[in-house]
Amino acid sequence: MDAKKYQIGYYLPPETTYDWVKKDRVEKAPLWCSVDLRDGNQSLVIPMSLEEKMRFYKLLLRVGFKEIEVGFPAASETEYEFLRTLIEQDLIPPDVTVQVLTQCREHIIRKTFEACKGAPGAIIHFYNSVSVAQREQVFRKSREEIKQIAVEGAALVKKLAKEYEGNFRFEYSPESFTGAEPEYALEVCNAVLDVLEPGPDNNVIINLPVTVEMSLPHVYASQVEYVSRNLKYREYVTLSLHPHNDRGTGVADTELALLAGADRVEGTLFGNGERTGNVDLVTLAMNLYTHGVDPGLDLSDMPSIVASYESCTRMQVGPRTPYAGALVFAAFSGSHQDAIAKGMKWREEQQPDRWTVPYLPLDPKDINRTYDADVIRVNSQSGKGGIGFLLEQLYGYVLPAGMREHFSYLCKGISDREHKELQPEELLEIFRSRYFDCENPVSIERLHFRQHGVEVDAEITFAKDGVRETVRATGNGSIDAVSNALKQFTGQSYRLRVYTEHSIQNQSSQSEAVAYIGLELPRGGMYWGAGIHTDIIRASANALVSAYNNAIRG
């Protein structure tokens with residue numbers, strides 16, 4: 001690898017103020033334009049069929065896009081037919097404007113207007129490249145000749161707009177803007193505006209594409225700021241962005257350029273586009289949302305949007321894609337799980353107005369994701385807090401702290417040995433099989449109690465290895481009496497260290513009692529058991545015997 005063959009290919013504007021640096025956030029949503037059906041479509045190995053484009057178009061309408069670039073109608077028959085279908089079948093809502101792309105070439109512009117004939121609202125987006133590399137290597141034309149191409153294109157679209165039926169707006173892009181001298185790109189844009197004559201009833205879009213990402217994001221923002229400050233007719237011009245992602249900073253480019261004066265953003269869902277893609281509109285919109293700004297797009301059912309996108313494009317949304325990926329909320333780390341579980345508990349207790357849960361910048365429910373399946377995931381890296389959180393949230397079991405820790409190590413060991421993630425239903429099965437109503441070697445077949453003042457007399461029939469024996473014992477409560485009877489029956493000494501219980505709803509909506517018991521043997525070590533029954537005394541007795549059996553088995 002020889003880095004010496006690369007050099008900076010971008011240009012700083014002749015004047016910079018960096019006023020936008022003083023802003024700490026984007027305070028309102030830009031105008032959004034989806035280019036999925038054109039820029040995103042042309043990047044696909046297998047471009048979308050007419051039917052797939054129609055499904056994607058309806059998805060974009062559902063999400064709330066008001067400007068949608070539907071294609072390059074002069075490029076292929078499918079693109080042309082799709083636009084004609086939208087127009088002829090009256091599929092463009094009154095508040096939606098379709099956009100079409102065309103090069104500054106006469107026959108292409110004319111075919112574009114043929115495709116747009118009768119459109120209730122259409123943006124004619126014309127462009128030509130202005131970068132140094134394109135001027136020198138591709139077109140081999142001077143700066144003046146390149147500017148003339150843009151001016152002639154503007155004159156033609158203005159002329160044809162009067163000749164064809166339809167309601168037309170204009171957009172011009174100095175393609176490869178980031179590789180051109182900013183003052184030259186500005187000169188071309190102003191020349192185009194002089195032809196189009198923006199005014200109160202003629203808003204024109206000037207679009208500054210990051211056709212190839214070349215610079216740090218603040219450089220692009222400075223270029224945008226320079227153009228925004230020096231554009232003619234600025235009051236009647238919408239300044240638009242069209243960032244790509246070659247350096248992986250497309251979102252940063254866009255956010256800083258919005259601070260620097262841009263009004264509008266063109267991009268794609270999940271950043272699909274040629275090479276490393278276009279800017280990801282989902283990430284941009286959700287970034288606004290998590291700063292308390294309404295993005296103006298409805299992303300409340302993210303799983304459905306992802307499924308539709310993947311079906312139409314045959315592309316995959318990566319598991320770590322911001323906001324939309326399958327694993328973006330997933331916490332495997334024990335410390336993360338513990339903090340999330342405690343944060344969720346704090347929310348229940350305090351009922352705050354703001355979302356502040358550690359490690360979760362977004363409430364998963366806002367985009368139709370769930371806490372149980374999406375947030376806490378169990379593998380060998382997990383901790384007691386997360387595993388306990390899952391048992392409580394999904395199944396209602398509130399384990400005492402020591403038991404929660406014991407259970408977490410049990411689950412982590414299984415995950416480590418089997419080298420897999422444990423699903424919630426597997427956690428439940430491990431929990432039940434290890435702690436619940438363990439009847440080997442000792443079980444309780446019958447129990448009876450009589451109250452004598454503050455003491456309780458117990459008569460309990462135990463079974464071990466097929467042999468039954470009825471034992472009588474006294475205690476300062478029912479559980480103490482059962483414990484004394486068990487010690488008498490087994491001859492084993494232990495200390496009952498932990499006892500907790502709570503109610504839980506079963507599947508038939510009846511209330512059951514769950515009890516948890518921790519025993520300490522003279523040799524050391526804590527052993528745990530659990531019991532469940534409609535009678536709290538029987539549930540507690542079952543938990544005690546289960547803990548004892550686990551202690552005997554080691």
Side-chain angles (χ1 to χ4, degrees), residues 26-41 53-73 79 82-83 85-87 89-101 112 115-116 118-126 161 166-173 198 200-209 236-243 254-255 257-258 262-273 278-289 293-302 304-305 308-309 312 367:
V26 178
E27 295 184 345
K28 68 174 184 177
L31 301 171
W32 302 106
C33 177
S34 161
V35 295
D36 289 272
L37 298 177
R38 193 273 300 173
D39 215 354
N41 186 46
K53 286 195 73 168
M54 190 62 70
R55 281 195 286 125
F56 206 114
Y57 172 74
K58 291 178 179 178
L59 168 65
L60 295 172
L61 293 179
R62 177 161 59 88
V63 170
F65 285 97
K66 301 304 180 185
E67 295 181 1
I68 301 172
E69 192 164 88
V70 295
F72 196 138
E79 302 279 279
F82 177 64
L83 178 55
T85 299
L86 294 181
I87 295 171
Q89 295 187 16
D90 196 23
L91 298 176
I92 305 172
D95 61 342
V96 172
T97 302
V98 296
Q99 179 171 303
V100 291
L101 187 70
T112 300
C116 292
I123 296 171
I124 307 298
H125 180 189
F126 63 102
N167 181 22
F168 303 112
R169 287 180 64 200
F170 307 117
E171 175 178 350
Y172 172 68
S173 286
D201 299 320
N202 180 31
N203 182 274
V204 173
I205 300 168
I206 291 294
N207 186 54
L208 304 179
Y236 307 115
V237 172
T238 296
L239 189 59
S240 178
L241 311 171
H242 184 109
T254 306
E255 290 181 329
L258 287 172
D263 311 301
R264 179 179 184 265
V265 177
E266 296 185 349
T268 59
L269 299 183
F270 312 116
N272 183 40
N278 292 64
V279 70
D280 182 347
L281 296 185
V282 172
T283 297
L284 283 170
M286 292 307 302
N287 282 357
L288 283 170
Y289 182 75
V293 178
D294 181 357
L297 296 176
D298 182 2
L299 302 171
S300 59
D301 192 358
M302 192 71 75
S304 173
I305 294 170
S308 296
Y309 166 82
C312 290
I367 55 173

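Computation of the quantities below employed the complete heavy-atom set of this structure, encompassing side-chain atoms and omitting hydrogens, waters and symmetry-equivalent molecules. Please read all numbers here as calculations on a predicted model, not as lab measurements.
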- Message: Determine whether R55 and S308 satisfy the following criterion, side-chain contact (heavy atoms from CB on, under 4.5 Å), listing intermediate values before the conclusion.
- Response: CA-CA 8 Å; R55 281 195 286 125; S308 296; over 6 Å; no
- Task: Give the intermediate values and the outcome of side-chain contact (heavy atoms from CB on, under 4.5 Å) for residues I367 and S300.
- Result: CA-CA 4 Å; I367 55 173; S300 59; 6.0 Å; no
- Could you go step by step and tell me if R169 and V204 meet the side-chain contact (heavy atoms from CB on, under 4.5 Å) rule? CA-CA 7 Å; R169 287 180 64 200; V204 173; over 6 Å; no
- Item | Stepwise side-chain contact (heavy atoms from CB on, under 4.5 Å) check, K66 with L297 | CA-CA 10 Å; K66 301 304 180 185; L297 296 176; over 6 Å; no
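Between T238 and I206 the shortest side-chain heavy-atom distance does not fall below 4.5 Å. With a 4.5 Å cut-off on side-chain heavy atoms, L281 and W32 count as touching. The shortest distance between side-chain heavy atoms of P93 and L61 falls below 4.5 Å. In this structure, the side chains of I124 and V100 come closer than 4.5 Å at one or more pairs of heavy atoms. Using a 4.5 Å heavy-atom threshold, the side chains of E67 and V98 count as separate. Using a 4.5 Å cut-off on side-chain heavy atoms (C-beta onward), R264 and C33 make contact. Using a 4.5 Å heavy-atom cutoff, the side chains of N41 and F56 are not in contact. Taking 4.5 Å as the limit, every side-chain heavy atom of L91 sits out of range of all side-chain heavy atoms of K58.
The shortest heavy-atom contact between L288 and P30 is CD1-CD, 3.9 Å. Of all heavy-atom pairs between C116 and A122, the closest is SG-CB, 4.4 Å. Closest non-hydrogen pair, I123 versus I205, comes out as CD1-CD1, 3.9 Å. Smallest separation of non-hydrogen atoms from G71 and E79: CA-OE1, 3.2 Å. Closest approach of A285 and L299 over heavy atoms only: CB-CD1, 3.8 Å. Between K28 and V293, the shortest heavy-atom contact is CA-CG1, 3.9 Å.
Between the CG atom of L59 and the CZ atom of F65 there is a distance of 8.5 Å, given to the nearest 0.5 Å. The line from CZ of R62 to CG of L60 is 9.5 Å long, rounded to the nearest 0.5 Å. Here OG1 of T112 is found 10.5 Å from CZ of F168. Values are rounded to the nearest 0.5 Å. Atom OG in S34 sits 6.0 Å away from atom CD1 in I68 (nearest 0.5 Å). Note that CG of N287 and OG1 of T254 are 10.5 Å apart. Values are rounded to the nearest 0.5 Å. Of the inter-residue distances, the one linking E69 atom CD with H125 atom NE2 reads 6.0 Å to the nearest 0.5 angstrom.
By the 4.0 Å N-to-carboxylate-O rule, R38 lies too far from E266 to be salt-bridged with it.
Distance alone, capped at 3.5 Å, is enough to place a donor-acceptor pair between the K53 side chain and the V70 backbone. Although no hydrogens or angles enter the test, the distance criterion places a donor-acceptor pair under 3.5 Å between the side chain of N272 and the main chain of G40. Without hydrogens or angle criteria, N203 side chain to Y236 main chain gives a donor-acceptor distance under 3.5 Å. No donor-acceptor pair under 3.5 Å is formed between the side chain of D36 and the backbone N or O of T268.
Partner of V279 under the side-chain contact (heavy atoms from CB on, under 4.5 Å) criterion, chosen from V265, V35, L241: V265.
By the ring pair (Phe, Tyr, Trp, His ring centres under 6.0 Å) test, H242 pairs with H244, sequence neighbours left out. For Y309, the ring pair (Phe, Tyr, Trp, His ring centres under 6.0 Å) test picks out F270, with sequence neighbours left out.
Under a cut-off of 6.0 angstrom, the local environment of CG in D95 is crowded, with over 12 non-hydrogen atoms contributed by other residues, nucleotides or ligands.
Between F82 and Y57, the ring-plane angle classifies as perpendicular under the 30° and 60° cut-offs.
In this model, a donor atom of one side chain and an acceptor atom of the other lie less than 3.5 Å apart for N207 and S240.
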